[in-house]
There are 2 protein chains.
Amino acid sequence: MALNAQKPQLDPQYLEKLQDYYSEHKVIPSYSVLAGLWGISAKSWVSECVKRFEEAGYLDWTPDRQLKPGARFFERKLADSTVQAGLPNGAISDGYDLITIDDWLVKIPSKTALVRVKGDSMVDAGIHEGDLLVVEVQPNANVGDIVVAIVDNEFTVKYLERERGAFVLKPANKAYPVIRPRGRLEIFGVMAGLARRTR
Amino acid sequence: MALNAQKPQLDPQYLEKLQDYYSEHKVIPSYSVLAGLWGISAKSWVSECVKRFEEAGYLDWTPDRQLKPGARFFERKLADSTVQAGLPNGAISDGYDLITIDDWLVKIPSKTALVRVKGDSMVDAGIHEGDLLVVEVQPNANVGDIVVAIVDNEFTVKYLERERGAFVLKPANKAYPVIRPRGRLEIFGVMAGLARRTR
DNA sequence: GAAGCTACAGAACGAACGTTCTGCTGTCAA
DNA sequence: TTGACAGCAGAACGTTCGTTCTGTAGCTTC
């Protein structure tokens, strides 16, 4: 009957420490370890806090009742381009939907390979030297796809185009020539995304 | 004294099933759950298999002796640009070093935000519309950095440059003008990387 | 054809697990 | 100044954990 059924408070420091632990070990620790992590000496209180994080969506349970990260556990601040007026130091939208960059980039882990880009033959497509190309490994591709092909025992990233009935590999850089492979064109996979680190 | 001290065999199917489970729950299950997962009804055998995966580097232990993913657990095929001759269908190098794209891109999770790129004002820097910018949130930056600034209540991604004593924001696209903010320039963070999905 | 090995099954066991209950302390509103 | 409540501590308890030991079926090897 309480009018203001205020939600129990959950300590953001606890969550951060858990996330740091998870970031290091990729596993949710046991209650006793959690107690040490949080500076608490009572498992009963850990149990209480876990319940709150569970209700808030940060923690969850496997079908076998093992504690696991919840839907919101991995959320990062996904900032939207349009900022509401007057937000002081972090114009963060409340809409969290993204889980992991990994999950976002690779859909079929078993068929996905990572290729480090060498050279600047694809700069006009926004693909730079040193970028990590997310490639779905498959032996065929469609015209217009950016493909990773094997030419002269080396990987090449190029556009797959068709020219007078034959497949050609077109760079996205005027300084490079179109590659017209003689014989069969061996395709390693199709580009599905990329990751770049600039720091 | 055995000449060929052959390594115990480890079932790749077991590893795959574990990776699938982990991919779904983000947690290593208990031995009894593992037994069910692997179609084994003896925990003793699970223990044996775990030991093998541990020796192979796929599993590891926390300081509190909890089972956790090992260094090789997350490895993806990282293909190198230079291909050795005559590899049939996957020119995959043996050097696995990468863990997760997430780990590779974000170093300080608590200070990292994700910004979706709008517009094409930075195409010449290889930043396209729709890309996910990995931003380290901090109120200051160095000249030459690609920064996310707040201008007119909107996020803008630009180069931070200095011009006649004042900070300016330079786009990487000739079609856009240099932004010369009047008053204080509010910086949201510095670009640390990006992720793009093209499929 | 006996010995040895691998791949499991099954049971026993102590340690660790998470839950629950009681109790204490500080704070705040009535 | 007295409840009421939130934040913890501490102990009890039944369950589940991972380890270890014994046993067995199938295969290979000499």
Novice: So, B:K158 and B:S121: side-chain donor and acceptor under 3.5 Å apart, yes or no?
Specialist: yes

Novice: To the nearest Å, how far apart are B:I40 CD1 and D:dG18 P?
Specialist: 14 Å

Novice: When you measure from the side-chain N and O atoms of A:R52 to the phosphate of D:dG7, is any distance below 4.0 Å, counting only OP1 and OP2?
Specialist: yes

Novice: Tell me the interatomic distance from A:F53, atom CZ, to C:dG18, atom C1', rounded to whole angstroms.
Specialist: 18 Å

Novice: Checking contacts here: which listed nucleotide (C:dA7, D:dT20, D:dG7) is nearest the side-chain heavy atoms of B:K51?
Specialist: D:dT20

Novice: Does a donor on one side chain sit under 3.5 Å from an acceptor on the other, for A:W61 and A:E54?
Specialist: yes

Novice: Does the pair B:E55/B:K51 count as a salt bridge with the N-to-O cut at 4.0 Å?
Specialist: no

Novice: Just jot down the salt bridge (charged side-chain N to carboxylate O under 4.0 Å, His left out) partners of B:D131, sequence neighbours excluded, or say none.
Specialist: B:R196

Novice: I need the single residue from B:Y21, B:Y58, B:W38 that forms a ring pair (Phe, Tyr, Trp, His ring centres under 6.0 Å) with B:Y14. Which is it?
Specialist: B:W38

Novice: Charged N to carboxylate O under 4.0 angstrom, A:R72 versus A:D60?
Specialist: no

Novice: From CD of A:Q66 over to P of D:dC17, roughly how many Å is that when rounded to an integer?
Specialist: 9 Å

Novice: Pick out the pairs of N or O atoms, protein on one side and nucleotides 13-17 of chain C on the other, that lie under 3.5 Å.
Specialist:
from: C:dC17; atom 1: OP1; to: A:S30; atom 2: OG; distance (Å): 3.1
from: C:dC17; atom 1: OP2; to: A:S32; atom 2: OG; distance (Å): 2.9

Novice: Are the ring centres of A:F73 and A:Y22 closer than 6.0 Å?
Specialist: yes

Novice: Across the strands shown, which category fits A:L67 at heavy-atom distances under 4.0 angstrom: base, sugar-phosphate, nothing?
Specialist: nothing

Novice: Drop me the distance from A:S23's OG to B:D102's CG, to the nearest 0.5 angstrom.
Specialist: 9.0 Å

Novice: DNA chain C: B:W45 or A:W45, which has the more 5' nearest nucleotide?
Specialist: B:W45

Novice: When every nucleotide of nucleotides 23-28 of chain C is labelled 5' to 3' by its protein contacts under 4.0 Å (heavy atoms), B for base, S for sugar-phosphate only, - for none, what sequence of letters results?
Specialist: ------

Novice: Report the nucleotide, chosen from C:dT20, C:dG10, D:dA9, that has the shortest atom-to-atom distance to any side-chain atom of B:S41.
Specialist: C:dG10

Novice: Please list all pairs passing the side-chain hydrogen bond (donor to acceptor under 3.5 Å, both in side chains) test where one or both residues lie in residues 166-176 of chain A, with sequence neighbours left out.
Specialist: A:D120-A:Y176

Novice: If we only count heavy atoms from C-beta on, is the A:I101 to B:V106 side-chain gap below 4.5 Å?
Specialist: yes

Novice: Check every atom of C:dT19, D:dT19, C:dA9 against the side chain of B:W61 and return the nucleotide holding the closest atom.
Specialist: D:dT19

Novice: Would you say A:L185 and A:L160 make side-chain contact, with heavy atoms under 4.5 Å?
Specialist: yes

Novice: Other hydrophobic cluster members with A:V178, side-chain heavy atoms of Ile/Leu/Val/Met/Phe/Trp/Tyr under 4.5 Å, chained?
Specialist: A:V168

Novice: Look at A:S47 and C:dT19 and indicate whether a side-chain polar atom (N or O) is within less than 4.0 Å of OP1 or OP2.
Specialist: yes

Novice: Check the distance between C:dC21's P and A:E48's CD and give it to me in whole angstrom.
Specialist: 13 Å

Novice: So if I take every side-chain heavy atom of A:R65 and compare against C:dT19, C:dA9, D:dT20, which nucleotide ends up nearest?
Specialist: C:dT19

Novice: Scan nucleotides 21-25 of chain D against the protein and return all N/O pairs shorter than 3.5 Å with their distances rounded to 0.1 Å.
Specialist:
none

